[in-house]
Amino acid sequence: MLLAEDGGLRGTDGCNQLTGSWSVDSGVITFEHVAVTEKACPDADTWLSALATATIDGDTLHVRDEAGRQIGTLSR
């Protein structure tokens with residue numbers, strides 16, 4: 001996933017494409033207007049489609065859903 005300096009978001013879960021925007025406040029990244037394609041790829045792990053917020057700890061992005069549950073991590 002790429003968080004561009006202009007607030008744009010691009011990424012893939014290995015099958016589906018994600019686009020949207022992001023902002024940061026007090027160390028919490030909030031994802032907005034995220035659109036995800038819905039391809040039917042076998043064995044695709046689609047957890048990224050539920051992203052809502054994230055925090056960074058070192059080189060790790062901790063991704064959370066709308067309820068605040070950690071749904072996955074991404075390394076830099």
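Side chains are part of it too, since the values below use all heavy atoms of this structure and drop only hydrogens, waters and symmetry mates. All residue numbers refer to positions in the sequence shown, counting from 1.
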Can you measure from [atom1] ([X]) to [atom2] ([Y]) and round to the nearest 0.5 angstrom?
{"X": "Ile56", "Y": "Leu74", "atom1": "CD1", "atom2": "CG", "value": "10.5 Å"}
{"X": "Trp22", "Y": "Met1", "atom1": "CH2", "atom2": "CE", "value": "10.5 Å"}
{"X": "His33", "Y": "Thr19", "atom1": "NE2", "atom2": "OG1", "value": "11.5 Å"}

Can you name the side-chain contact (heavy atoms from CB on, under 4.5 Å) partners of Thr60, sequence neighbours left out?
->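 side-chain contact (heavy atoms from CB on, under 4.5 Å) check on Thr60 returns His62, Thr73.
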Among all residues two or more places apart in sequence or in another chain, which pass the side-chain contact (heavy atoms from CB on, under 4.5 Å) test with Arg69?
-> Asp65, Ala67
Which residue pairs pass the salt bridge (charged side-chain N to carboxylate O under 4.0 Å, His left out) test with at least one member in residues 5-34, sequence neighbours excluded?
-> none
Taking only residues at least two apart or on different chains, which pairs with a member in residues 35-76 satisfy disulfide (SG to SG under 2.5 Å)?
-> Cys15-Cys41
Do any pairs count as a disulfide (SG to SG under 2.5 Å) and have a residue in residues 44-76, sequence neighbours left out, and if so which ones?
-> none
Say whether, by atom type as modelled, one donor and one acceptor occur between the side chain of Thr30 and the main chain of Ser23 under 3.5 angstrom.
-> no
Out of curiosity, does Leu3 fall in the hydrophobic cluster containing Val24 (side-chain heavy atoms, cut-off under 4.5 Å, transitive links)?
-> yes
Taking distance alone, no hydrogens or angles, what donor-acceptor pairs closer than 3.5 Å link side-chain atoms of residues 43-55 to residues at least two apart or in another chain?
| from | atom 1 | to | atom 2 | distance (Å) |
| --- | --- | --- | --- | --- |
| Ser49 | OG | Thr46 | O | 2.8 |
| Thr55 | OG1 | Arg64 | NH1 | 3.2 |

